[in-house]
Enquirer: 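One structure follows; several queries about it will come next.
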Amino acid sequence: MKFIQDYWPMMALALWLGYKWWNARRVKALLPQLKSEGAILLDVRSEAEFASGNAPGTRNIPLNELGQHLASLPKSTPVVVGCASGTRSGMAKLMLKKNGYQRVYNIGAWRNFMS
């Protein structure tokens, strides 16, 4: 019990990172199917980050501008979001879900868009 009391923050972090890794792999495996359904591949990194490297076929809308561009994203199409590590794309997924998008997937790091 003392071990859990002493190390619960590290255990929680390890579980969170493990979940992010597992989920990104799951979405990466779904990517061919989602692409065949016309999914929008959305990179929510800054313009400068996107310019320094990006995956073919991705669209860049920085997270801080996403709310202003919701009308340009059809709600009936799957949306796959990515960023540098999966954190901003996680926030983008929450924003999209809150605004009525049903099929939103967080692929984590933008490099996961490339097979």
Side-chain angles (χ1 to χ4, degrees):
M1 188 66 162
K2 179 152 175 44
F3 178 84
I4 293 173
Q5 289 174 338
D6 291 346
Y7 294 101
W8 74 265
M10 289 169 51
M11 291 169 36
L13 179 61
L15 286 171
W16 173 244
L17 293 173
Y19 169 77
K20 281 178 57 173
W21 176 85
W22 172 82
N23 188 62
R25 295 296 161 259
R26 183 183 66 82
V27 175
K28 188 173 180 178
L30 288 172
L31 196 55
Q33 175 189 338
L34 294 169
K35 283 181 177 180
S36 75
E37 296 174 24
I40 297 167
L41 308 180
L42 186 60
D43 187 324
V44 295
R45 296 177 297 149
S46 71
E47 289 179 16
E49 288 174 293
F50 187 79
S52 71
N54 59 74
T58 57
R59 178 176 171 188
N60 180 229
I61 301 177
L63 178 61
N64 64 335
E65 299 174 15
L66 184 57
Q68 301 161 9
H69 294 274
L70 292 177
S72 71
L73 302 171
K75 291 183 178 179
S76 59
T77 304
V79 180
V80 183
V81 291
C83 63
S85 68
T87 302
R88 284 177 283 181
S89 53
M91 290 187 270
K93 178 181 176 180
L94 290 173
M95 179 188 296
L96 290 166
K97 290 287 227 177
K98 182 178 177 183
N99 282 281
Y101 293 81
Q102 298 297 312
R103 298 187 60 204
V104 185
Y105 304 86
N106 180 1
I107 200 163
W110 68 271
R111 285 184 173 86
N112 288 333
F113 282 119
M114 299 184 284
S115 298

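From a predicted model like this one, the values you see are computed outputs, not experimental measurements.
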Enquirer: Can any side-chain N or O of Lys93 pair as donor or acceptor with the backbone N or O of Val79 at less than 3.5 Å?
Expert: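 Side chain of Lys93 to backbone of Val79: no pair is present.
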Enquirer: Enter the distance from Leu42:CG to Ile61:CD1 here, rounded to the nearest 0.5 Å.
Expert: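 If we round to the nearest 0.5 Å, Leu42:CG and Ile61:CD1 are 5.0 Å apart.
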Enquirer: Drop me the distance from Ile40's CD1 to Leu34's CG, to the nearest 0.5 angstrom.
Expert: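 The CD1 atom of Ile40 sits 12.0 Å away from the CG atom of Leu34.
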Enquirer: Please indicate whether Glu47 has more than 12 foreign heavy atoms, meaning atoms of other residues, nucleotides or ligands, lying under 6.0 Å from its CD.
Expert: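 It does not: Glu47 CD has 12 such atoms or fewer within range.
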Enquirer: Could you tell me which non-hydrogen atom of Arg88 sits nearest to which non-hydrogen atom of Ser46, and how far apart they are?
Expert: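 Scanning both residues, the minimum pair turns out to be NH1-N, 3.9 Å.
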Enquirer: Should Asn112 and Arg25 count as side-chain neighbours, where that means a heavy-atom distance under 4.5 Å?
Expert: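 Answer yes - side chains close enough.
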Enquirer: Mind checking whether Leu73 and Val27 sit in one hydrophobic cluster, side chains of I, L, V, M, F, W, Y counted as touching below 4.5 Å?
Expert: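 No, no single cluster joins them.
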Enquirer: Could you tell me the separation between the SG atom of Cys83 and the CD1 atom of Ile107, rounded to the nearest 0.5 Å?
Expert: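 Atom-to-atom, Cys83:SG and Ile107:CD1 are 11.0 Å apart.
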Enquirer: Between Phe113 and Thr58, what is the shortest heavy-atom contact and its length?
Expert: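 Scanning both residues completely, I find the closest heavy atoms to be CD1-CG2, 3.6 Å.
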Enquirer: Looking at every non-hydrogen atom in both residues, tell me the closest pair between Trp110 and Asp43 and how far apart they are.
Expert: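 Taking every non-hydrogen atom into account, CB-OD2, 3.6 Å.
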Enquirer: Under the side-chain hydrogen bond (donor to acceptor under 3.5 Å, both in side chains) rule, what do Ser72 and Arg59 come out as? Steps first, then yes or no, please.
Expert: CA-CA 11 Å; Ser72 71; Arg59 178 176 171 188; 2.8 Å; yes
Enquirer: Under the criterion side chain to side chain contact (heavy atoms under 4.5 Å, CB included), I'd like the reasoning laid out for Glu49 against Asn60: C-alpha separation, chi angles, the key distance, then a yes or no.
Expert: CA-CA 10 Å; Glu49 288 174 293; Asn60 180 229; over 6 Å; no
Enquirer: At what distance, to the nearest 0.5 angstrom, does CZ of Arg103 lie from CG of Leu96?
Expert: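 Separation between the atoms: 14.0 Å.
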Enquirer: Does the pair Leu66 and Val81 meet the rule for a side chain to side chain contact (heavy atoms under 4.5 Å, CB included), with working shown?
Expert: CA-CA 11 Å; Leu66 184 57; Val81 291; 5.9 Å; no
Enquirer: Please report the shortest heavy-atom distance between Thr77 and Ala39, naming the atom on each side.
Expert: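 Result for this residue pair: CG2-CA, 4.0 Å.
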Enquirer: First locate atom CE of Met95, then atom OH of Tyr101, and finally report the distance between them rounded to the nearest 0.5 Å.
Expert: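 Rounded to the nearest 0.5 Å, the CE-OH separation comes to 10.5 Å.
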Enquirer: If you take all heavy atoms of Lys97 and Gln102, which pair is closest and at what distance?
Expert: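 It is NZ-O, 2.8 Å.
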Enquirer: To the closest 0.5 Å, what do you measure between NZ (Lys98) and CG (Leu70)?
Expert: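 Result: 11.0 Å between the selected atoms.
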Enquirer: Do Lys35 and Val80 come close enough that some side-chain heavy atom pair is under 4.5 Å?
Expert: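 A side-chain contact under 4.5 Å is absent here.
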Enquirer: Closest approach of Leu41 and Gly57, non-hydrogen atoms and distance?
Expert: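 Scanning both residues completely, I find the closest heavy atoms to be CB-O, 3.9 Å.
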Enquirer: Should Tyr105 and Leu31 be marked as a side chain to side chain contact (heavy atoms under 4.5 Å, CB included) after you check the CA-CA gap, both sets of side-chain angles, and the distance that decides it?
Expert: CA-CA 10 Å; Tyr105 304 86; Leu31 196 55; over 6 Å; no
